Amino acid sequence: MNNRANLRETSAVGPDPVAVVPRLLGWYDRHARVLPWRAPPGTAPMDPYRVWLSEVMLQQTTVAAVRAYFERFTTLWPTVQALATAEETQVMGEWAGLGYYARARNLLACARQVAAMGGFPDTRQALAQLPGIGPYTSAAIAAIAFDRAETVVDGNVERVVARLFAVDTPMPAAKPQLVALAATLTPDRRPGDFAQAMMDLGATICTPRNPACALCPLNDLCRARTLGLAAELPRKSPKPPRPQRRGTAWLALDASHVLVERRPAKGLLGGTLAFPSTGWDGSEHPAPAAGPWQELGEVRHIFTHFELHLTVLAGPPQGVSRGLLLPRRDFDPATLPGLMRKVWALAP
DNA sequence: TAGACGTGGAC
DNA sequence: TGTCCAAGTCT
């Protein structure tokens, strides 16, 4: 990745960082959203554990969805040392419903490494070696928790920069160019606040649809706005259609027990608790119990890359050939991923 | 490297 | 209902 070359590629004339940085920080001082994992603007950073935990939870996930999970995790495990001692099944259960479950397994693996190291490393490069921490999260933790002048680029920053510099290249091809342009803005002072200000601006003002340019502190510096292109950028290539898949799930239960299983650690819903089912790609699995089975209905669930229709069958938990027969008082549907909660909702 | 990987809210 | 998309990472 040659930032200089990427800079040369853009024909856009960008705004002067000398103008952008104080304007954006001034706006952030007045309008920063209050969040449980955020230190107020201009104050000492939040502890690295909370910064890390929130950044992992926020990967491809909305602030609204994360709040309750963040409160629950920090109550159960106030420090990275405490989290490091947790059981994986408990962490998976507490993560249930948040999605992208590889994050939960990486979270625990990362906590254990960090605890063994005696604490979080304080550079982007060292942070990026840890499980579940990639280019975005390593830069975010380094900037926000350790006051390092790293360039933090998430989807918000990509959008803000694409508009500020009127980058016309479609995503995702424009990414290297946007990173290089973002780097021209990163300040040496208050880099953490600057990163959060860019993201807040993207989340609240410079939104994907109907950007509120009239309220934007950078509106007179924004090349896309000058060109009347703000809402058009960044350009995106069209997405392929979502295929349909189907399968069957079995709800084997009576008044006292329910049959569940732990899904394989890797792959879709990896490591989560589930009801036994067929594969969802056409592969057949035998019923997990003797039956007889009665059809309860169908569950429809949209994943990122396919749409699933699951036929749900109910029957007695007798002649069980696979899974784990759980006493109903030990079964908490809140520890199920979203799809399986829908299946459970059909239970008699 | 492009595809796999969840979920729920907004429009 | 359909489509987009939200503080990405891993392989």
Side-chain angles (χ1 to χ4, degrees), chain A residues 32-33 35-38 46 50-70 92 95-107 109-110 127-145 150-160 171-173 175-176 179 182 192 194-204 206-210 231 234 236-245 263-272 274 280-281 299-308 336-342:
Chain A
R33 289 182 292 174
L35 300 169
W37 48 83
R38 169 178 286 177
M46 191 70 73
R50 282 158 199 264
V51 174
W52 162 71
L53 179 61
S54 65
E55 291 301 343
V56 172
M57 287 183 166
L58 286 162
Q59 290 166 8
Q60 298 288 284
T61 309
T62 58
V63 166
V66 164
R67 279 182 187 276
Y69 286 85
F70 180 83
M92 294 308 295
W95 196 275
L98 243 202
Y100 286 136
Y101 297 96
R103 292 185 295 173
R105 268 178 300 116
N106 286 331
L107 189 81
C110 183
L127 286 161
Q129 301 303 309
L130 294 164
I133 300 186
Y136 162 76
T137 306
S138 57
I141 298 171
I144 296 170
E150 297 291 350
T151 300
V152 180
V153 182
D154 72 336
N156 289 306
V157 177
E158 286 175 352
R159 185 170 57 254
V160 170
M171 296 293 287
K175 273 175 183 278
V179 170
F194 180 79
Q196 293 178 91
M198 289 284 278
M199 294 190 281
D200 265 23
L201 188 73
T204 62
C206 195
T207 50
R209 286 172 294 205
N210 306 316
K236 306 236 166 176
S237 14
K239 300 199 169 157
R242 203 191 321 266
Q244 305 248 345
R245 299 187 191 170
R263 290 179 62 84
K266 304 229 168 187
L268 193 66
L269 305 179
T272 64
W280 304 334
D281 48 8
V299 159
R300 174 173 170 270
H301 192 75
I302 313 275
F303 291 97
T304 305
H305 52 300
F306 67 94
E307 176 174 337
L308 178 66
L336 297 171
L339 165 64
M340 293 297 161
R341 292 181 194 177
K342 291 183 186 175

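Side chains included, hydrogens not; waters and symmetry mates left out as well; all remaining heavy atoms used. Predicted, not measured: the structure shown is a model, and the values here were computed from it. Lettering follows sequence order; numbering is per chain, from 1.
Here Arg33(A) lies in heavy-atom contact (under 4.0 Å) with a base. Using a 4.0 Å heavy-atom distance criterion, Ile144(A) is classed as making no nucleic acid contact.
Nearest heavy-atom pair across Leu127(A) and Ala142(A) is CD1-N, 3.8 Å.
Under the salt bridge (charged side-chain N to carboxylate O under 4.0 Å, His left out) criterion, Arg103(A) pairs with no residue, sequence neighbours left out. With sequence neighbours excluded, the residues that form a salt bridge (charged side-chain N to carboxylate O under 4.0 Å, His left out) with Arg33(A) are Asp200(A). For Lys236(A), the side-chain hydrogen bond (donor to acceptor under 3.5 Å, both in side chains) test picks out no residue, with sequence neighbours left out. Evaluation of the ring-ring contact (aromatic ring centres under 6.0 Å, His included) rule for Trp37(A) yields Phe70(A) as partners, not counting sequence neighbours.
Taking atom CD of Gln244(A) as the reference point, atom C1' of dT1(C) lies 13 Å away to the nearest angstrom. Look at CZ on Arg105(A): it is 12 Å from P on dC10(C), rounded to the nearest Å. Between the CG atom of Leu58(A) and the P atom of dC5(C) there is a distance of 19 Å, given to the nearest Å. Spacing between atom CZ of Arg242(A) and atom P of dG2(C) amounts to 10 Å, rounded to whole angstrom units. Per the geometry, CD belonging to Glu307(A) stands 15 Å off C1' belonging to dC4(C), to the nearest Å.
Nearer the 5' end of DNA chain C, as judged by each residue's closest nucleotide, is the contact made by Trp37(A), out of Leu130(A) and Trp37(A).
Nucleotides dG6(B) and dT11(C) are separated by 14 Å at their P atoms, to the nearest Å.
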* Structure fact -> Protein-proximity profile, nucleotides 4-11 of chain B, B/S/- by nucleotide at the 4.0 Å heavy-atom cutoff, equals SBBB----
Quick one: side chains of residues 299-306 of chain A, donor-acceptor pairs under 3.5 Å with protein atoms, not counting sequence neighbours, listed by atom name and distance.
unit_1: Arg300(A); atom_1: NE; unit_2: Glu307(A); atom_2: OE2; d: 2.8
unit_1: His301(A); atom_1: ND1; unit_2: Lys342(A); atom_2: NZ; d: 2.9

